[in-house]
Amino acid sequence: MMASERKLRDGYVASAGRFSKEEWERTVAGFSDLTIYQTWAYGAVRWGEANLMHFVLMRAGQVVAAAQARVVRASLLRLGVAYVRYGPLWCRKGEEENLEVFRQAVRAMHNEFVRKRRLVLRLNLNLTALDEPQRYLDILRQEGYGRTRFALPQRTLLVDLTPSLEDLRSGLHQTWRNQLNQAEKRFGVTVTSGTSQEYFQQFVAVHDAMLAAKRFAVFAPAEEFMAMQDLLPEDQKQLIVLGQVNGRTVAGGVISVTGSKAIELLAASDAEGRETRAGYAVQWRTLQLLKERGCRWYDLNGIDPVTNPGGYRFKIRLGGRHGVDTTYIGQFQASPDVLRAAVAELAQVMLTSYRRAKMILGGLRARRGFRRRTRSEEQGADAAMQNRLPTMEVKA
């Protein structure tokens, strides 16, 4: 029999339902831990407006925590799953972190989604090993959440943006900095940036050309992020940075800049962009722009030396002395009963296996289609880089 709800601490009130675009934008605007994954635009385009549910936790008349969930139901299996990506939000701008708010948020979400609606609730929190995660892990365990067994924590590279631009440049790996110098001096790459659909269209053209050549696996098409752009409010719009040679766009990146941590969403270079090292100029300009906006970290959104060794080397060397190889704390789940938990995990196993196989296949195809440096040269450079790169791992 399902246990009764856990009472919230005095002064906290929670609710869940569907918010309009305007209501949700007002709700999340005050959070420093907001990412694009918790915006109404992302949810509506990526998951469908009809599949969204919104949660808020209030104290003294102010929203102190919030989360947007994607709800998927399988009526034949009598199963429903509420999936929250990079939520809940609980860090308000200009205020100190409050662990009690986090505790009350995950407790209230357990009450609202699991106990009241009989849904399996999955949280992928916006926390890495840099955030001293043990205190959060303890709270999750105490509030009835367990780590999902088959969703591996994402490994990523965070670039610390607090040093000066001079220090950031000198901290780049020597090989990476040499490529940047070539882009700037030898090939004359110029870089522009903006948020308009014109910028996005230029990026998508390069992105499509790259996918056609490399045959990478893609789970979130660039066109979806372009569709989100019109729906996002001005202060949440994605930043598009373009590299050009002789007036033609040959490389670019799309970055989410909604809080203290910026996230690279997409990056691409066509054949000329790769030849002229334009992607190096794009990333260097991105670091400059993010510093101007006051971002603390630049998340390069995943590294994997197995499925994408070329991208791994590029990102590790971009991070240089100021990059941290780390992992997110992973996915946590609460369920109304053991049967629903087992069915949900089986579905997760199948999805994870499919995506992993598709990514590995894409990586193999890409490696066949493009020339690489000799293995001994790359291994020597990687070993030297790893000796200097700080590493942070999440411990259960």
Side-chain angles (χ1 to χ4, degrees), residues 1-9 11-21 23-28 31 34 37-40 42-59 63-90 101-126 136 139-151 330-351:
M1 185 173 178
M2 191 70 184
S4 60
E5 294 182 16
R6 298 195 66 181
K7 184 178 179 182
L8 300 182
R9 189 171 177 176
Y12 288 91
V13 179
S15 62
R18 286 185 182 173
F19 280 40
S20 69
K21 175 178 180 292
E23 288 172 333
W24 189 244
E25 287 173 356
R26 287 195 300 270
T27 299
V28 301
F31 289 93
L34 174 66
Y37 306 117
Q38 282 292 302
T39 65
W40 190 94
Y42 181 90
V45 172
R46 189 84 179 100
W47 298 333
E49 183 179 354
N51 297 316
L52 300 182
M53 185 175 293
H54 299 98
F55 161 86
V56 293
L57 179 69
M58 302 188 71
R59 184 184 61 199
V63 176
V64 293
Q68 175 174 264
R70 174 197 183 191
V71 178
V72 180
R73 297 182 186 274
S75 55
L76 293 179
L77 299 175
R78 300 182 65 184
L79 175 70
V81 178
Y83 176 68
V84 179
R85 185 173 185 184
Y86 281 24
L89 310 174
W90 79 92
V101 171
F102 177 76
R103 179 185 293 279
Q104 297 302 314
V106 296
R107 177 180 297 180
M109 292 178 73
H110 199 299
N111 289 341
E112 293 290 334
F113 290 95
V114 181
R115 291 187 169 89
K116 287 185 180 179
R117 292 172 171 80
R118 309 287 290 175
L119 297 169
V120 175
L121 175 60
R122 285 183 170 164
L123 304 181
N124 261 49
L125 292 105
N126 184 17
Y136 303 104
I139 290 174
L140 288 168
R141 184 182 66 255
Q142 292 161 9
E143 296 299 329
Y145 294 81
R147 189 187 295 275
T148 56
R149 291 178 293 172
F150 303 107
Q331 187 178 101
F332 292 81
Q333 177 175 295
S335 177
D337 52 58
V338 175
L339 179 60
R340 285 183 174 88
V343 173
E345 290 212 340
L346 177 60
Q348 180 67 51
V349 170
M350 296 172 66
L351 178 61

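The backbone N or O of Gln331 sits less than 3.5 Å from a side-chain atom of Thr148, completing a donor-acceptor pair.
Residues Gln104 and Arg107 meet the side-chain proximity criterion, which asks for heavy atoms closer than 4.5 Å. Proximity of Val120 to Pro336: side-chain heavy atoms (C-beta onward) are separated by under 4.5 Å at one or more points. Residues Leu125 and Pro88 are in side-chain contact: their nearest non-hydrogen atoms beyond the backbone lie under 4.5 Å apart. Side-chain contact between Val72 and Asn51 is absent, with no heavy atoms from C-beta onward closer than 4.5 Å. Between Lys116 and Glu5 the shortest side-chain heavy-atom distance falls below 4.5 Å. For the pair Arg141 and Phe332, the minimum side-chain heavy-atom distance is 4.5 Å or more. Looking at Met53 and Glu112, their side chains never come closer than 4.5 Å, going by heavy atoms from C-beta outward. Using a 4.5 Å cut-off on side-chain heavy atoms (C-beta onward), Val64 and Tyr12 make contact.
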Quiz item: Which is it for Leu52 and Arg18 under the side-chain contact (heavy atoms from CB on, under 4.5 Å) test, yes or no, and what are the steps along the way?
Solution: CA-CA 7 Å; Leu52 300 182; Arg18 286 185 182 173; 5.8 Å; no
Self-check item: Intermediate values then yes/no, side-chain contact (heavy atoms from CB on, under 4.5 Å), Arg9 and Arg59
Solution: CA-CA 10 Å; Arg9 189 171 177 176; Arg59 184 184 61 199; over 6 Å; no
Quiz item: Please walk me through it: do Arg103 and Gln142 pass side-chain contact (heavy atoms from CB on, under 4.5 Å)?
Solution: CA-CA 9 Å; Arg103 179 185 293 279; Gln142 292 161 9; 2.8 Å; yes
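For the side chain to side chain contact (heavy atoms under 4.5 Å, CB included) test, residues two or more places apart in sequence or in another chain that qualify with Ser20 are Glu22, Glu23. Listed by chain and residue number, nothing satisfies the ring pair (Phe, Tyr, Trp, His ring centres under 6.0 Å) test with Tyr83 (two or more places apart in sequence, or in another chain). Every residue meeting the ring pair (Phe, Tyr, Trp, His ring centres under 6.0 Å) condition with Phe102, not counting sequence neighbours, appears here in chain and number order: Trp90, Tyr136.
In this structure, NZ on Lys7 lies 12.5 Å from CG on Asn111, to the nearest 0.5 angstrom. In this structure, CG in Leu89 is found 9.5 Å from CD in Gln68, a value given to the nearest 0.5 Å.
Considering all non-hydrogen atoms of both residues, Gly330 and Arg147 come closest at CA-NH1, 4.0 Å. Contact between Leu121 and Met109 at its shortest, heavy atoms only, is CD2-O, 3.8 Å. In this structure, Ser335 and Val114 approach most closely via the heavy-atom pair C-CG1, 3.5 Å. Contact record, Phe113 with Ala82: CD2-CB, 3.8 Å, taken as the closest heavy-atom pair. The shortest non-hydrogen separation linking Ala14 to Ala108 is CB-CB, 3.5 Å. Scanning both residues, Leu123 and Leu140, for their nearest heavy atoms gives CD1-CD2, 4.4 Å.
A side chain to side chain contact (heavy atoms under 4.5 Å, CB included) with Gln38 holds for exactly one of Val28, Asn126, Val84, Thr27; it is Val84.
In this structure, Tyr37 has its ring center closer than 6.0 angstrom to the ring center of Tyr86.
The aromatic rings of Phe19 and Trp24 sit perpendicular, their planes meeting at an angle over 60°, well past the 30° parallel limit.
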